[in-house]
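To start, the structure itself, in structure tokens.
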There are 2 protein chains.
Amino acid sequence: MLSERQLFVLQVIIDEFIQTAQPIGSRAISKKEEISYSSATIRNEMADLEDMGFIEKTHSSSGRVPSEKGYRFYVDHLVSPFRLSTEDLVTIQDTFEREMLEFERVVQKSATVLSDLTNYTSIILGPEVFETKLKQLQIIPLTPQTAVAILVTNTGHVEHRSFSVPVELDASDLEKMVNILNDRLHGVPLVELHDKLLTEITYLIRTYTKDFEASFQYLRAALFDEQPVKLYFGGKTNILMQPEFKDVNKIRTLYSMIEEEEEMARLIRTNSDGLKVTIGQENKSVAMQDCSLITATYSLGDKQMGTIALLGPTRMEYSRVITLLNVLSGQLSKTFQSWYQNG
Amino acid sequence: MLSERQLFVLQVIIDEFIQTAQPIGSRAISKKEEISYSSATIRNEMADLEDMGFIEKTHSSSGRVPSEKGYRFYVDHLVSPFRLSTEDLVTIQDTFEREMLEFERVVQKSATVLSDLTNYTSIILGPEVFETKLKQLQIIPLTPQTAVAILVTNTGHVEHRSFSVPVELDASDLEKMVNILNDRLHGVPLVELHDKLLTEITYLIRTYTKDFEASFQYLRAALFDEQPVKLYFGGKTNILMQPEFKDVNKIRTLYSMIEEEEEMARLIRTNSDGLKVTIGQENKSVAMQDCSLITATYSLGDKQMGTIALLGPTRMEYSRVITLLNVLSGQLSKTFQSWYQNG
DNA sequence: ATTAGCACTCGGTAGGCAGGAGTGCTAACA
DNA sequence: TGTTAGCACTCCTGCCTACCGAGTGCTAAT
């Protein structure tokens with residue numbers, strides 16, 4: 001168990017290191033106002049803290065640096081509740097007050113704000129489970145052989161995809177098809193849409209003609225195949241500016257990882273609700289050894305929609321950042337909530 | 001004027017440097033099979049080439065390195081027509097044979113292929129002048145106060161934007177409005193659409209009711225305001241792997257520049273037709289001092305559509321890359337041409 | 001329990017030295 | 001006159017050494 005003083009020393013070391021990125025020596029700590037002990041005393045405490053694995057030396061006679069275990073303990077027990085500056089609050093308020101009516105814009109804007117406020121890299125994972133409902137389906141013929149399918153949700157989200165139309169179908173067939181589908185699928189949540197579409201296909205084939213089948217399969221494929229997860233980034237280069245990335249190879253591997261959207265999505269996706277901090281090696285990725293990832297979920301009602309994440313060095317301003325993420329994910333949820341209620 | 005032998009020496013130096021990224025010494029050149037002169041002779045030629053500014057020393061006793069003027073001369077006069085390997089050709093063929101029906105996909109895929117084949121970073125500037133025509137306009141009400149406007153072109157390109165609907169308009173008004181617009185605007189090239197829309201607005205206001213005006217302005221704004229240029233990237237991190245970027249600060253500034261899409265678009269946009277090589281400082285950007293940018297335009301008929309660009313170190317495989325860009329921009333033009341003819 | 005004092009450790013910087021690659025110049029050669 | 005062998009010179013690179021300063025661990029005194 002840690003003594004009061006040890007706790008305090010640990011806190012000072014981490015707070016200080018977060019600010020300066022320099023190893024902290026015993027003398028520096030003993031000189032601090034709040035501390036009335038000599039450097040020798042601090043040295044003893046530091047030796048204990050090191051034995052327990054909370055801090056480390058970079059070399060045998062260097063000052064101490066927080067270990068990952070130290071950071072872990074810090075975020076679990078020491079983070080002081082942070083009061084956001086009014087400036088920050090105003091920035092966030094402004095962002096959400098501007099009228100934005102599209103999911104993409106709101107999310108992209110949030111990512112930008114978050115990265116601007118923190119100087120880290122923000123990543124937002126778009127919604128995967130659409131609690132949103134189908135508003136309208138449109139098929140617009142382009143040429144005799146091609147058409148574009150457009151799907152609109154009650155939140156104003158638009159998906160579209162061009163596809164080939166089998167020769168035996170003409171424009172009026174398509175129109176018929178769309179009308180039937182709109183009748184039967186309006187208001188269906190997108191999660192269920194794929195299955196419902198399949199049901200409709202068999203229904204239509206029975207009721208009308210076999211001709212529809214191929215076309216339907218195209219339509220289904222167009223709207224549901226290889227829909228890659230959408231990531232929204234803010235301040236992609238911010239993290240490169242951190243002093244821990246003065247090594248070219250680290251930058252290269254980290255950056256390659258960031259650009260690998262599939263991989264990033266995998267790392268960020270989470271099923272646990274609420275806020276989660278993943279420190280250094282806890283991230284299952286070599287490229288992110290020196291990084292921490294903080295994720296928070298945003299939701300629609302009680303249904304989790306997506307994740308909002310912040311990527312920084314392990315030496316991160318945890319307390320401030322955690323508060324910011326909480327505020328932002330709350331704002332996001334609130335915004336979507338307001339759309340949904342009116343939909 | 002350069003002698004035959006000087007030309008040859010210059011070519012060898014540049015070719016070799018492009019391969020190795022190491023300064024080339026006189027001995028290395030004289031040892032080459034095609035060269036029957038001693039290193040001393042080569043040294044003399046090199047001294048002359050240096051006087052003329054085509055090559056440089058990194059320090060007083062180092063081998064030679066091409067200067068920007070050298071590269072300039074090389075691309076203008078020395079690039080040997082390059083025979084693409086059948087492997088490369090097959091890769092490109094495969095890309096364009098797969099059925100793709102959307103502008104975004106074709107372009108994105110091209111960018112990826114280009115960067116994969118070259119190990120540089122590719123950037124494609126989407127079309128700015130739409131020679132494409134309006135196929136259909138849709139307005140779909142979401143809530144009583146909001147609606148989403150969708151615009152489809154004959155090439156299957158879809159733009160959409162949510163906007164606020166003035167309280168005094170209801171869904172049937174919107175429907176009427178859309179019908180009128182579709183009647184009168186079908187087939188209008190997108191370049192003219194904005195102006196035509198304004199004309200229609202005044203017409204409609206005269207013919208129908210004043211109520212439409214506000215709504216129209218919203219619609220117009222939704223579809224035409226702040227439409228940011230769209231850039232498609234391939235291999236964003238490729239250029240970081242080049243040995244010239246072993247300095248952290250260079251990486252940082254270069255990368256910040258790449259992420260600055262507006263700035264990139266400005267650099268890449270060109271009004272001259274065909275292929276253009278911009279070497280090092282010729283790029284008006286500090287971040288790109290050590291980079292070359294090769295741009296080629298693709299077009300629809302005789303109308304220039306967009307630019308396809310490749311960003312690499314000044315030490316670039318110019319001949320191969322130039323051929324590749326020509327082939328790819330040709331393929332792009334061909335693909336769009338085929339769409340257009342059927343539209 | 002705390003602290004002053006001291007020996008020790010290690011990173012960082014600077015200087016010196018040897019080896020090597022490459023150059024410029026000169027003089028000899030065809 | 002063009003070419004080349006030879007040689008002195010330059011500068012980069014790696015390596016060793018010395019030295020300073022910051023910080024530690026330990027011991028002994030308070």
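All chains are named by letter (A, B, ...) in the order of the sequence lines, taking the proteins before the strands, and each is independently numbered beginning at 1. All heavy atoms count here, side chains included; hydrogens, waters and symmetry mates do not.
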>> Taking only side-chain N and O atoms of A:Thr41, does any of them lie within less than 4.0 angstrom of OP1 or OP2 on C:dT3?
In response: yes

> For the helix from C:dA1-D:dT30 to C:dA30-D:dT1, what is the angle between the axes at its two ends, each from 5 pairs, rounded to 10°?
Replying inline: 20°

> If you count the non-hydrogen atoms of other residues, nucleotides and ligands that lie under 6.0 Å from CZ in B:Arg72, is the total more than 12?
Replying inline: yes

>> Can you tell me which nucleotide in C:dG24, C:dT3, D:dT4 comes closest to the side chain of B:Ser38?
In response: D:dT4

> Roughly, in whole Å, what's the span from CG in A:Asn44 to C1' in C:dA4?
Replying inline: 13 Å

> Is A:Thr253 close to A:Asn249 at the side-chain level, that is, under 4.5 Å between some pair of heavy atoms?
Replying inline: no

> Could you run down nucleotides 6-17 of chain C 5' to 3' and tag each one B, S or - for protein heavy-atom contact under 4.0 Å?
Replying inline: ---BBS------

> C:dT23 P sits how many Å from B:Glu56 CD, rounded?
Replying inline: 14 Å

>> Would you say A:Arg64 places a side-chain N or O within less than 4.0 Å of OP1 or OP2 belonging to D:dG25?
In response: yes

> Please give, in whole Å, the distance from C:dG22 C1' to B:Ile55 CD1?
Replying inline: 13 Å

> Taking all non-hydrogen atoms of both residues, which atom of B:Asn283 and which atom of B:Cys291 are closest, and how far apart?
Replying inline: ND2-O, 3.2 Å

>> I need the minimum non-hydrogen distance between B:Tyr120 and B:Leu311, along with the two atoms involved.
In response: CB-O, 3.3 Å

> Is atom CD of A:Glu34 surrounded by more than 12 heavy atoms (other residues, nucleotides or ligands) closer than 6.0 Å?
Replying inline: yes

> How many Å lie between CD1 on B:Ile42 and P on D:dT3, as a whole number?
Replying inline: 10 Å

> For atom CZ of B:Arg5, is the number of surrounding heavy atoms from other residues, nucleotides or ligands below 6.0 Å larger than 12?
Replying inline: yes

> A:Gln6 has an atom CD; how far is it from atom P of C:dA1, in whole Å?
Replying inline: 13 Å

> Does a nitrogen or oxygen in the side chain of B:Lys57 sit under 4.0 Å from OP1 or OP2 of C:dG24?
Replying inline: yes

>> Rounded to whole Å, please give me the gap between CZ in A:Arg27 and P in C:dT3.
In response: 15 Å

>> Within the structure provided, determine whether A:Tyr255 and A:Thr237 are in side-chain contact (heavy-atom separation under 4.5 Å).
In response: yes

>> My understanding is that only one of B:Thr297, B:Thr295, B:Leu114 makes a side chain to side chain contact (heavy atoms under 4.5 Å, CB included) with B:Ile308; could you say which?
In response: B:Leu114

>> Classify A:Ser26 by what it touches in the nucleic acid, base, sugar-phosphate, or nothing, heavy-atom distance under 4.0 Å.
In response: sugar-phosphate

>> Using whole Å, what does the distance between atom C1' of nucleotide D:dT3 and atom CD of B:Glu45 come to?
In response: 11 Å

> Out of B:Thr41, B:Ile35, B:Ile42, which one pairs with B:Ser38 under the side chain to side chain contact (heavy atoms under 4.5 Å, CB included) rule?
Replying inline: B:Thr41

> Roughly how many Å is it from CG in B:Leu49 to C1' in C:dG24, rounded to a whole number?
Replying inline: 16 Å

